[in-house]
Peer 1: 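I'd like to ask you about the structure that follows.
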Amino acid sequence: MSSTYDPYENVVAVMEKAVEIGNIDKRMFEILKNPQRETKVYLPVEMDDGTVKVFEGYRVQHSNIRGPFKGGIRFHKDVNLNEVKALATWMSLKCAVVNIPFGGAKGGIKVDPSTLSKRELCALTRRYTFAIAPIIGADTDIPAPDVNTNAQIMTWVLDTYSQLKGKPCPGVVTGKPLELGGSKGRPSATGRGIVISTKLLLDQDNKKLTGTRIAIQGCGNVGGNAARIFAHRDAVVVALSDVSGGVYKASGLDADKITAFVENGGLIKDYNDEGVVHISNEEVLVCDCDVLVPAALENQITKEVAKALKCSYIVEGANGPTAEDADSIIEERNIKLIPDIFSNSGGVIVSYFEWVQNIQEIAWEKPQVNEMLETIMTKAFEEMVEETERSNCTFRMAAYIIALRRLIHTEEIKGIFP
Ligand code: GLU
């Protein structure tokens, strides 16, 4: 990541452009340029060696105008306030573009979790939950997993919050284990949404997933699950990477085998199989493929990368993987791009299903979850296509215009308090 890149400036610049292109009322837009609340907490943890370390944590609540704040918690060494603000804003836009009744929030702790023992990680998570407990809840703000967090961490959040309230509160987090009220289909939902987005995009050009060559940067919850589902649908996963590096095979990698290897703690740089060539993370982005799925972190497709891309399509898996100034190059080069706020919305859509199941105290079967996910995404995709035609714009602009219109319309009918 370049040191001058600011994700919050990036998202505000894209919103401003959408306001112009979509001819959106600027008066109420002022409200959306800032979050409603930023919380910073300092978290003391007694380490295994007896020393005390204090970690920085955040929860930014961007908007609850359309429903409770919603968004994941990220553990990463580079977490900072402006990144969390951007991520919270993207959540408001994401929930609005797919029209689910949530607002947007995001949390994060500045830590490299791989340097902590399980006990230290549990203590840090519980202390963070304790610190933000006054501002979260099933009807106020509902955290979920994000980069480097998972169902185990959600369990510690849930348990700490429930202990404080003196009762089980399953609806306070999503992405929980099934045993504690999690939803079938939630772990793979973001990856599934990436595949659904790709299928809808290819349909437009009368192309099929079968035989389409896919390159994926990132092998976490999003990239890993997308790789597996793509391979099961007869697409050809030609490249895959994690933090350590990438692998390439023109005739197709064994996605099941690599993702199992990574899930068992392996690093892709140590993965070997017949015909597999090792490449760098940057080389994954510019490798020979049909569809590129950047599913790692922000600001990966910079201007320079955009000029070197060899793909025909980009389906964003991560939040904010494309720098704002790279978008115009991608557009000029006629590379069709499906933006993060639509393409990675599968996770929060199934989080919404999980929350509904918790409130109703019922459990749905996986086929029902997957079918409803596809229905919601297909409808939102059609709306996005209509907007590209109406405003003669890219998919990113169309998604932002739809989301901003919905948010601003709600601001208008509610008015400003007091
Ligand atoms: N962290 C995911 C995202 O960025 C999921 C959020 C959620 O389920 O609340 O969309």
Side-chain angles (χ1 to χ4, degrees), residues 31-32 35-39 41 57-74 84-85 87-108 125-126 128-146 149 151 153-178 180-183 186 189 345 347-364 369 372-373 376 403 406-407 409-411 413-418:
I31 300 174
L32 298 174
Q36 287 177 213
R37 186 196 273 149
E38 299 169 5
T39 303
V41 291
Y58 302 92
R59 184 76 183 167
V60 174
Q61 297 170 320
H62 176 261
S63 171
N64 65 354
I65 190 94
R66 300 183 76 252
F69 297 112
K70 184 81 189 84
I73 300 169
R74 161 175 302 204
V84 183
K85 272 168 78 171
L87 290 161
T89 313
W90 281 317
M91 286 309 301
S92 300
L93 296 165
K94 194 182 301 187
C95 294
V97 76
V98 293
N99 213 0
I100 55 172
F102 282 142
K106 202 74 160 204
T125 307
R126 286 185 182 278
Y128 173 71
T129 309
F130 173 77
I132 63 165
I135 57 163
I136 63 169
D139 54 4
T140 43
D141 182 356
I142 307 129
D146 196 73
T149 57
I153 288 171
M154 293 310 112
T155 304
W156 292 326
V157 174
L158 169 58
D159 185 58
T160 309
Y161 186 83
S162 300
Q163 300 267 0
L164 285 167
K165 297 288 164 190
K167 60 177 184 189
C169 304
V172 68
V173 285
T174 57
K176 309 177 279 291
L178 279 182
L180 291 166
S183 175
R186 176 63 184 86
S345 65
V348 75
I349 294 172
V350 178
S351 276
Y352 167 57
F353 298 160
E354 180 174 333
W355 182 75
V356 169
Q357 291 170 78
N358 293 156
I359 291 171
Q360 299 189 350
E361 298 183 341
I362 49 168
W364 300 342
V369 169
M372 285 170 63
L373 169 65
I376 289 190
R406 285 196 177 129
L407 283 157
H409 177 67
T410 316
E411 295 282 5
I413 52 178
K414 288 198 179 177
I416 295 177
F417 172 80

Peer 1: Heavy atoms only: give me the nearest Asp141-Pro143 pair and the separation to one decimal.
Peer 2: O-CD, 3.4 Å
Peer 1: Side chains of Thr129 and Thr160: do they bring a donor and an acceptor to under 3.5 Å?
Peer 2: no
Peer 1: Using salt bridge (Lys or Arg N to Asp or Glu O under 4.0 Å) as the criterion, point out the one residue from Lys85, Arg59, Lys106 that pairs with Glu38.
Peer 2: Lys85
Peer 1: Search all heavy atoms of Ala144 against all heavy atoms of Lys70 and return the closest pair with its distance.
Peer 2: CB-NZ, 3.5 Å
Peer 1: Consider side chain to side chain donor-acceptor pair (under 3.5 Å). Of His62, Gln61, Gln36, which one does Ser92 pass it with?
Peer 2: His62
Peer 1: Could you grab the distance from atom CD1 of Ile73 to atom CD1 of Ile132, nearest 0.5 Å is fine?
Peer 2: 5.0 Å
Peer 1: Within the 4.5 Å heavy-atom criterion, are Tyr58 and Leu87 side-chain neighbours or not?
Peer 2: no
Peer 1: With sequence neighbours left out, write down each residue that passes ring pair (Phe, Tyr, Trp, His ring centres under 6.0 Å) with Tyr161, or none if nothing qualifies.
Peer 2: none
Peer 1: Please find the pair of heavy atoms, one from Phe353 and one from Val369, that lie closest to each other, and give the distance.
Peer 2: CE1-O, 3.7 Å
Peer 1: If a pair satisfies salt bridge (Lys or Arg N to Asp or Glu O under 4.0 Å) and one of its residues is in residues 155-176, list it, with sequence neighbours excluded.
Peer 2: Arg126-Asp159, Lys176-Glu354
Peer 1: If we ignore hydrogens and angles and just use 3.5 Å, is the side chain of Lys414 paired with the main-chain N or O of Ile65 as donor and acceptor?
Peer 2: yes
Peer 1: Starting at CZ of Arg37, measure out to OG of Ser63 and round the result to the nearest 0.5 Å.
Peer 2: 13.0 Å
Peer 1: Can a donor-acceptor pair be found, under 3.5 Å and without considering hydrogens, that links the side chain of Asn358 to the backbone of Gly181?
Peer 2: yes
Peer 1: Tell me yes or no: between the side chains of Ser351 and Arg186, is some donor less than 3.5 Å from an acceptor?
Peer 2: yes
Peer 1: Taking all non-hydrogen atoms of both residues into account, name the closest pair between Trp355 and Pro68 and its distance.
Peer 2: CZ2-CG, 4.1 Å
Peer 1: Can you name the salt bridge (charged side-chain N to carboxylate O under 4.0 Å, His left out) partners of Arg66, sequence neighbours left out?
Peer 2: none
Peer 1: Rounded to the nearest 0.5 Å, what's the gap from OG on Ser345 to CG on Leu93? Could you check?
Peer 2: 12.5 Å
Peer 1: Mind checking whether Tyr352 and Phe102 have parallel, tilted or perpendicular rings, split at 30° and 60°?
Peer 2: perpendicular
Peer 1: Identify the heavy atoms of Cys169 and Leu158 that sit nearest to each other, and give their distance.
Peer 2: O-CD1, 3.1 Å
Peer 1: Do Val173 and Thr155 come close enough that some side-chain heavy atom pair is under 4.5 Å?
Peer 2: no
Peer 1: When rounded to the nearest 0.5 angstrom, what is the spacing between CD1 in Ile153 and OG1 in Thr125?
Peer 2: 4.5 Å
Peer 1: Measuring only between side-chain heavy atoms, which start at C-beta, is Thr39 closer than 4.5 Å to Ile135?
Peer 2: yes
Peer 1: Which heavy atom of Val350 sits nearest a heavy atom of Ser183, and at what distance?
Peer 2: CG1-OG, 4.1 Å
